[in-house]
*Asks:* 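Here it is, the structure in full.
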There are 2 protein chains.
Amino acid sequence: MTDHRWMGAALALADRGVGRTAPNPNVGCLIVRDGRVVGRGWTQPGGRPHAEAMALAQAGEAAKGATAYVTLEPCAHVSTRGPACTDLLIAARVARIVAAMGDPDPRTNGEGFARARAAGIAVTTGVREAEARAMIAGFLTRRAKSRPFVTLKLATSLDGRIARPDGESRWITGPQARAHTHLERSRHEAILIGRGTLEADAPRLDVRLPGLESRSPRRILLSRTPEPGWETIASPAAIGDLAGVDRLMVEGGAKTASAFLAAGLVDRLLLYRAPILIGDGRAALSDIGLARLSDAHGRWRLTDSRMLGSDRLEVYERG
Amino acid sequence: MTDHRWMGAALALADRGVGRTAPNPNVGCLIVRDGRVVGRGWTQPGGRPHAEAMALAQAGEAAKGATAYVTLEPCAHVSTRGPACTDLLIAARVARIVAAMGDPDPRTNGEGFARARAAGIAVTTGVREAEARAMIAGFLTRRAKSRPFVTLKLATSLDGRIARPDGESRWITGPQARAHTHLERSRHEAILIGRGTLEADAPRLDVRLPGLESRSPRRILLSRTPEPGWETIASPAAIGDLAGVDRLMVEGGAKTASAFLAAGLVDRLLLYRAPILIGDGRAALSDIGLARLSDAHGRWRLTDSRMLGSDRLEVYERG
C-alpha cells in the first residue's frame, strides 16, 4: 500500500513530461528515505537528463539506503548523452528499487533490474503498471507501430455538428472546454490540421494558458502542397516520418478527422459536447469506411468523462 | 424534515400515474398517523378515483386526527365523476394537510386550502413544490399552452448519426438503452412518428417490458394523409387537438424531430448516445430554423445523466 502511494507521486512527476520528451519516454522518479522524500525527478524536455539522474542529484548523500520509485525500469545502456541510470542508482547505494514496468527498449529490457539485483539492490516491479503504460503511450506507440500516439479532438453540438451550414463554428463549446483543449495541446509534441481548417479558420493552434505559453506544440498541415510557416505531410500514413513527435493531436476538420479514422490511426478521442442543437450544418465526420453498423461497436472504451462548464468532455480510447 | 420525507413518498405514489391520468393531474396522497402510514393513494388511469379518495378509503377510521400529504391541493369542486377531495378530507376529520403546491384549476385554486382551514384543519403548502410541478408537467403544459408536454427522443452515435447512409439503424444503442426507451413510452399517453420512419422501420412503438405490456401508448402519425391503424395529425401545431394526451413522446426520424424543434414544441430531450462512430450517414436533425450559433445557447439545461450499459442517457429540459 505504501509502495502504491509513493508510485502515485512518481507518476505525477512523470506526467510533467508528457508531450515534451520524445524520443525518450516521460519517466518520474521519487527517492524516499525513512518515509521522507529526498529527491524528485522527471525526464526533462527533449529527453535528458533522465528522471533518476535528476532525483539522485537532488538527494545527494541521502540516497544511500533509500528506496527509488521509478515509473519505468532504469536504463542500462551508456549513451553519449549521459550515464546509465542503473549505474547511477548502484553508485548512490540505494537499498531498493520499486518500478512500475520494465523498459521494452532492447538495450535495457530487464538488464537494468538484473544489474541492480546483482549489486545487492532489492527490486520490486509491476506497481501500478497499467497507469505507467498509459503515461508513456506516446513512447510505446512509437516503438510498437513506428508512429506517434494520435489523439483526435472533436467539438460538437448534441446533434454532432461542428459548424452551421455557412461554416460558422465560433463558438460551439464554452471557455472552460476551450481552455481544456489548450491544456491538451501542451501535452502533445505536435498538432495537425487539414487545409480546409487552415483556410476557413486560420487557427493559431498555440497554448494560450497563463504560464504555459512556451508549451505550444509544432504545427503540422495535412496537405499535398507546401505552405509557408507550416510543416506538411501528404497523408495520415506519413505521421511516422514526424521525427521527435511521439504524441500528435489532430484538430480537424471533418475531412482530416475522417481520413485518420478510416486509416485506423486514432488511439484516443477527445469529445467536447455543448448542450446545444444546431440542426442543418456541418457534420463532425464524413466517410470513415464503415461497412456495417455492427463493425462500429466495441471499438471505443470510455476512459474519462467530466463537465467543463456546461459542456461535457468524454475521452475514449481504443476498446 | 419529516414533512419533506413523507412528501417524497407521496411523490413516488404520484409517479405511478405519469402518462395515464389525462385530463387529470397525476397526484399522490399519503395518510400518516402517529408516524405510521395508514393510507396510500394515487390518481387512477383516466383520472378517477383521485389520490385522496383512494388513500382515505384505505385509511378508514384511522384517518381521524392524521396528516394527509398531497402532491397537489385537494380539489374543491364536486364533479359528476366523484365528490370533492377537500370535502372527503374534512369528513374524515384529518388534523392536518401538507401539500406540495396549489391547484391552478380555477375551480380549486386556493379554495381547497381555504375550505379545509375553515373546517379547522391545519394546512402547510409548498413542500417540495419544484418536484411536484415537474411531476405534473403534462397537466401544467396542457393548462398553460393548450397542448401536451413533448419529449423528443434521439438515439445517436457519438458523431450524431441515427443511421448509415443506406438507412441501417439497428442497432446503434444497446439493450439497456432500448429498454429504457420502452419505460419512457409507458410514461406517455401517446407516441408520435413521421411517415418516413413508418415506411423505413414500421415500428411497433409498444412497451415490451415484463409487466408493462398493457402500458403501450396511443400511436400517432404525423402525416397529411390517413393511414389505416393510425391516428394522424397534419402538423406539429395540431398536437393540442389530441384529446386525452397530456404527455407526448416524439420518436423521430430527423424530419419529424426537426419540425417539432423548429416549431418550439419540444419541452424535454432524451438523448441516448452509443460509444460508436458512424461517419457518413443520416443526421439526427435537419433544419431547425437556427439563424446564428449564439441563438443555440442557453436553450437546454441538463437535468439527468446516466450510463445504460455502454450507452449514455442525457436528459435536457428547456433552459
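This structure is a prediction, so every number in the text was calculated from the model and none was measured. Letters A, B, ... mirror the listed sequences (proteins, then strands); counts begin at 1.
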*Asks:* Which residue out of Ala284(A), Gly319(A), Pro275(A) racks up the most heavy-atom pairs below 4.5 Å with chain B?
*Replies:* Pro275(A)
*Asks:* What's the verdict on side chain to side chain contact (heavy atoms under 4.5 Å, CB included) for Val315(A) and Leu302(A), showing C-alpha distance, side-chain angles and the deciding distance?
*Replies:* CA-CA 6 Å; Val315(A) 182; Leu302(A) 183 69; 5.9 Å; no
*Asks:* Return the minimal non-hydrogen interatomic distance between Val150(B) and Leu265(B), and the atom names on each side.
*Replies:* CB-O, 3.0 Å
*Asks:* Can you measure from CG (Leu222(B)) to CZ (Phe260(B)) and round to the nearest 0.5 angstrom?
*Replies:*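 Separation between the atoms: 6.0 Å.
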*Asks:* Kindly compute the distance separating CG (Leu192(A)) from CG (Leu248(A)), expressed to the nearest 0.5 Å.
*Replies:*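 Spacing of CG (Leu192(A)) from CG (Leu248(A)) equals 5.5 Å.
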*Asks:* By a 4.5 Å heavy-atom criterion (distance strictly below it), what part of Leu271(B) contacts chain A: side chain, backbone, both, or neither?
*Replies:* side chain
*Asks:* Are the side chains of Ile191(A) and Ile220(A) in contact, using a 4.5 Å heavy-atom criterion?
*Replies:* no
*Asks:* Counting C-beta onward and ignoring hydrogens, is there a side-chain heavy-atom pair between Leu183(A) and Leu212(A) closer than 4.5 Å?
*Replies:* yes
*Asks:* Tell me the closest heavy-atom pair linking Ala283(B) and Ala254(B), and the distance in Å.
*Replies:* O-CB, 3.4 Å
*Asks:* Taking atom types as modelled, which donor-acceptor pairs link chain A and chain B at under 3.5 angstrom?
*Replies:*
from, atom 1, to, atom 2, distance (Å)
Arg161(A), NH2, Leu285(B), O, 3.1
Arg164(A), NH1, Leu290(B), O, 2.8
Arg164(A), NH1, Ala291(B), O, 3.3
Arg164(A), NH2, Ala291(B), O, 3.2
Glu168(A), OE1, Leu293(B), N, 3.2
Trp171(A), O, His297(B), NE2, 3.0
Arg273(A), NH2, Glu314(B), OE1, 2.6
Arg273(A), NH2, Glu314(B), OE2, 3.0
Asp280(A), N, Ser286(B), O, 3.0
Leu285(A), O, Arg161(B), NH2, 3.1
Ser286(A), O, Asp280(B), N, 3.0
Leu290(A), O, Arg164(B), NH1, 2.8
Ala291(A), O, Arg164(B), NH1, 3.3
Ala291(A), O, Arg164(B), NH2, 3.2
Leu293(A), N, Glu168(B), OE1, 3.2
His297(A), NE2, Trp171(B), O, 3.0
Ser305(A), OG, Arg312(B), NH2, 2.9
Arg312(A), NE, Glu314(B), OE2, 2.9
Arg312(A), NH2, Ser305(B), OG, 2.9
Glu314(A), OE1, Arg273(B), NH2, 2.6
Glu314(A), OE2, Arg273(B), NH2, 3.0
Glu314(A), OE2, Arg312(B), NE, 2.9

*Asks:* Pick one of side chain, backbone, both or neither for Leu158(B), based on which atoms fall under 4.5 Å of a heavy atom in chain A.
*Replies:* both
*Asks:* Please find the pair of heavy atoms, one from Ala22(B) and one from Val245(B), that lie closest to each other, and give the distance.
*Replies:* CB-N, 4.4 Å
*Asks:* Among the options Pro165(A), Gly160(A), Gly279(A), pick out the one with the most heavy-atom pairs lying under 4.5 Å from chain B.
*Replies:* Gly279(A)
*Asks:* At a heavy-atom distance under 4.5 Å, which candidate from Ile276(B), Ile162(B), Leu293(B), Ile288(B) has the highest pair count against chain A?
*Replies:* Leu293(B)
*Asks:* Kindly compute the distance separating CG (Leu261(A)) from CG (Leu285(A)), expressed to the nearest 0.5 Å.
*Replies:*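 These two atoms lie 6.0 Å from each other.
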*Asks:* Quick one: of Leu154(B), Leu290(B), Leu277(B), Ile172(B), who has the most non-hydrogen atom pairs under 4.5 Å with chain A?
*Replies:* Leu277(B)
